Every structure is written in C-alpha cells, then in structure tokens.
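To start, the structure itself, in structure tokens.
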Amino acid sequence: MTSKNTVSLEAGTIEYYTYGSPKSQPILFIHGVLVNHKLWELICPKLAENYYCIVPTWPLGAHTQPLHPDADVSPEGMVDIIISFMDALQLKRATLVGNDSGGALCQMMVERHPQRIHRLVLTSCDAYDIWLPLLFKYLEFSAFIPGMLWLLGQTMRIRPIRKLPIAFGWLSKRMPRVVSDSIAAPLARSGGVRRDAGKFLRGISPKLTRKAAKSFSKFLSPVLIAWSRQDRFFPLEHAERLNRDFPDARLVLIEDAYTFSGIDNPTQLADTIKKFLNKTK
C-alpha cells in the first residue's frame, strides 16, 4: 500500500510517501541535493512486503513546499530536521538509506544521533574529502551569487542540458523524463525552494564529512555499503574505506549503474538491501 502524506515541523511542511505496513520495521530514505522522493520510487515497492518504507522529499531544491523563511537548512540544520521528522512520526529508530549528499547527512547522523539508527545503508555518496565532487562545485559557488540559482533553474528547464555531465548525465544512465522533469521543475518555479537549496549548498563542506568519519569506529550497528561500480563521482576507494572504518560493515557493488543506482539498477539495489536487512534483524 502506498500513500502520500505531509507532516508539519517547526521548520515547515515535509511531504513524504509511505510503502508497506506501519507495523513493519521502518526504513527512512535520505536523498541528496536537487533531487526528490522519485530517486527511490522503483525500489520501495520491492521492499514494502516486509518493511515500512518512508520516503520524504527533503527541502534540498527539488521540493514543492518551501520551508519557513527562517528555517535552518544548513547540513547541520538538515540533521535536526531529520530528527524532528522522526519524532513527528514517532520513529525511535529506523534503518537509514542514503545517497549522494543524503549519504553525507546519514554520516552526520552517525556522529550526532547514532542511537536513532537501527541499521545504515550507504549507496554512492559524498564522504571523507569529497563534498561536493569537483564537477559540481559550481552549485556551491552559485549559492553565493545572487540570482545564480534562478538562472540555473531556468537552464534546467531545457531537457538536453540535463543530460550533460554537469547535470544528470553522469549521475544516472537511464533517468526517465518524468523523473527528470519532477526534479528540475521546483528550482525553476519557486524562490522559496531556491532559498532553501541555497542555504544547504552554502553550508556544504568536506570538514563535516571528515568530522563525521571520526565517529565511524564507535558505530556498532550493521552497515551496508552498496556502491555503484561505474560511479563517475565517488571513488571505489571511498567505499572500501567506509567498509573498513565501520566495525560491522559489508560492501556490495551495484552493477550497470551510476550514482543514482535506485534509478539505474533498482532490482539489484533492492535485492541487496533486502538480503542485508533480512540477515541483520
């Protein structure tokens, strides 16, 4: 069973989808900047038979409801929003699944709120000295220049541009047009969405991922590193390092996929997550 919901937090309203029964063990999905819930749309039905999938659209630039103007949407503020969201849904603990800059937020959760994480799944994501990848540093710079996120949003209306390596071209091999349109539209249309995205982008720094990494050795819950073998931005060496740094980790390579493995190879990713969850109850 799938349903669309909203929850009102102090920072503002968060939209989210659920798959499966709320009586099942919860999985909370954390996407990255400038994408939304559609990143996980193909894998959640495959997990919903046994698990309760909770799939928010976080306020990271592809959301449709801007947060309050004074909301803290820095990376640290986003961790607080994730915790507030969990509290509102009465989730004492959940399995977290993160991708891209959402994976970096999951690592910050490990540092700041490890007791709220039942298990952790990191797909290809920022870590250690990479946040953001070099080819996407322009996003960070754009957030400091008045009007640049508006210009970026208008540019992303043009579908061929989205296929370039500096857009979605090296993030996904097979992004459907409906997903691409859904991700690109909010930044172009809404000043409030651009305001939220700018706050997050201006706060990004590898100092945060390096700091989070110092806590990995103390995190004893099970961890799955489900890394795309053909990832263009996040090196396999980082996946191997994460696998070493977490005490109870295992590494699985996702084939025929770029960073957005939930779109490119949802069957293998869902099967890999399912096997991990079934073995670590």
Side-chain angles (χ1 to χ4, degrees), residues 1-3 5 16-32 37-56 82 85-86 89-100 102-103 105-107 109-110 113-125 127 215-231 234 236 238-281:
M1 182 176 67
T2 304
S3 64
N5 312 272
Y16 66 101
Y17 285 81
T18 59
Y19 300 76
S21 169
K23 296 180 181 180
S24 301
Q25 293 184 28
I27 308 173
L28 179 61
F29 290 82
I30 317 291
H31 63 72
H37 68 279
K38 285 189 173 294
L39 184 71
W40 312 109
E41 203 170 45
L42 296 177
I43 73 168
C44 287
K46 301 176 187 294
L47 299 171
E49 183 177 343
N50 302 108
Y51 297 95
Y52 184 48
C53 298
I54 305 165
V55 190
I82 293 170
F85 179 88
M86 293 180 69
L89 269 63
Q90 299 182 343
L91 296 176
K92 293 183 178 180
R93 298 178 78 206
T95 293
L96 299 188
V97 179
N99 174 261
D100 193 39
L105 292 175
C106 288
Q107 294 164 50
M109 288 280 290
V110 168
H113 302 283
Q115 75 282 1
R116 305 300 294 269
I117 306 173
H118 183 193
R119 291 161 295 199
L120 177 63
V121 179
L122 294 177
T123 64
S124 295
C125 63
S215 65
F216 294 169
S217 62
K218 300 176 183 178
F219 186 73
L220 303 181
S221 298
V223 178
L224 169 66
I225 314 298
W227 216 259
S228 298
R229 188 189 294 274
Q230 296 177 315
D231 198 289
F234 304 115
L236 180 58
H238 276 191
E240 294 168 341
R241 184 176 173 186
L242 288 164
N243 190 47
R244 292 192 302 270
D245 286 354
F246 283 105
D248 184 8
R250 63 279 290 146
L251 170 62
V252 177
L253 297 181
I254 306 300
E255 306 294 341
D256 192 25
Y258 291 162
T259 301
F260 294 165
S261 53
I263 294 173
D264 287 345
N265 195 343
T267 298
Q268 187 192 354
L269 180 60
D271 288 346
T272 299
I273 293 174
K274 193 183 303 183
K275 289 177 183 177
F276 166 70
L277 297 178
N278 289 342
K279 288 181 179 178
T280 57
K281 291 182 178 181

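These figures come from a predicted structure and were not determined experimentally.
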Practice item. Measure the spacing between CG of Asn265 and OG of Ser228 and express it to the nearest 0.5 Å. Key: 8.5 Å
Check your understanding: Who pairs with Asn5 by side chain to side chain contact (heavy atoms under 4.5 Å, CB included), at least two apart in sequence or on another chain?
Key -> Ser3, Tyr16, Thr18
Exercise for review: For residues Leu122 and Cys106, determine if any side-chain heavy atom of one lies less than 4.5 Å from a side-chain heavy atom of the other.
Suggested key: yes
Exercise for review: Identify, with sequence neighbours excluded, every residue that meets ring pair (Phe, Tyr, Trp, His ring centres under 6.0 Å) alongside Trp40.
Suggested key: Phe29
Practice item. Could you list the residues that satisfy salt bridge (Lys or Arg N to Asp or Glu O under 4.0 Å) with Arg119, not counting sequence neighbours? Key: none
Point to revise | Test side-chain hydrogen bond (donor to acceptor under 3.5 Å, both in side chains) applied to Thr123 - qualifying residues, sequence neighbours left out | key: Asn99
Check your understanding: By side chain to side chain contact (heavy atoms under 4.5 Å, CB included), which residues pair with Arg229, not counting sequence neighbours?
Key -> Leu253, Glu255
Exercise for review: Quick one: which residue pairs count as a salt bridge (Lys or Arg N to Asp or Glu O under 4.0 Å) with a foot in residues 39-52, not counting sequence neighbours?
Suggested key: Lys38-Glu41
**Study point:** 4.5 Å side-chain heavy-atom contact, Val252 and Phe276
**Key:** no
**Study point:** Side chain to side chain, Lys279 and Pro222, heavy atoms closer than 4.5 Å
**Key:** no
Practice item. Would you please name every residue forming a side chain to side chain contact (heavy atoms under 4.5 Å, CB included) with Asp245, sequence neighbours left out? Key: Tyr128, Phe216, Arg241
Study note, to complete from the structure: Contacts of Asp256 meeting salt bridge (Lys or Arg N to Asp or Glu O under 4.0 Å) (sequence neighbours excluded), chain-then-number -> Lys173, Arg174
Exercise for review: With sequence neighbours left out, write down each residue that passes side chain to side chain contact (heavy atoms under 4.5 Å, CB included) with Ala48, or none if nothing qualifies.
Suggested key: Tyr19
**Study point:** Side chains of Val223 and Asp248 in contact at under 4.5 Å (non-hydrogen atoms)
**Key:** no
Review point. Near Gln115 CD, under 6.0 Å, is it more than 12 heavy atoms from other residues, nucleotides or ligands?
Key: yes
Revision key, fill the gap. Taken in chain and number order and not counting sequence neighbours, the residues that satisfy salt bridge (Lys or Arg N to Asp or Glu O under 4.0 Å) with Arg244 are none
**Study point:** Residues which pass salt bridge (Lys or Arg N to Asp or Glu O under 4.0 Å) with Arg93, listed by chain and number, not counting sequence neighbours
**Key:** none
Study note, to complete from the structure: Tyr17 meets the ring pair (Phe, Tyr, Trp, His ring centres under 6.0 Å) criterion, sequence neighbours left out, with His37
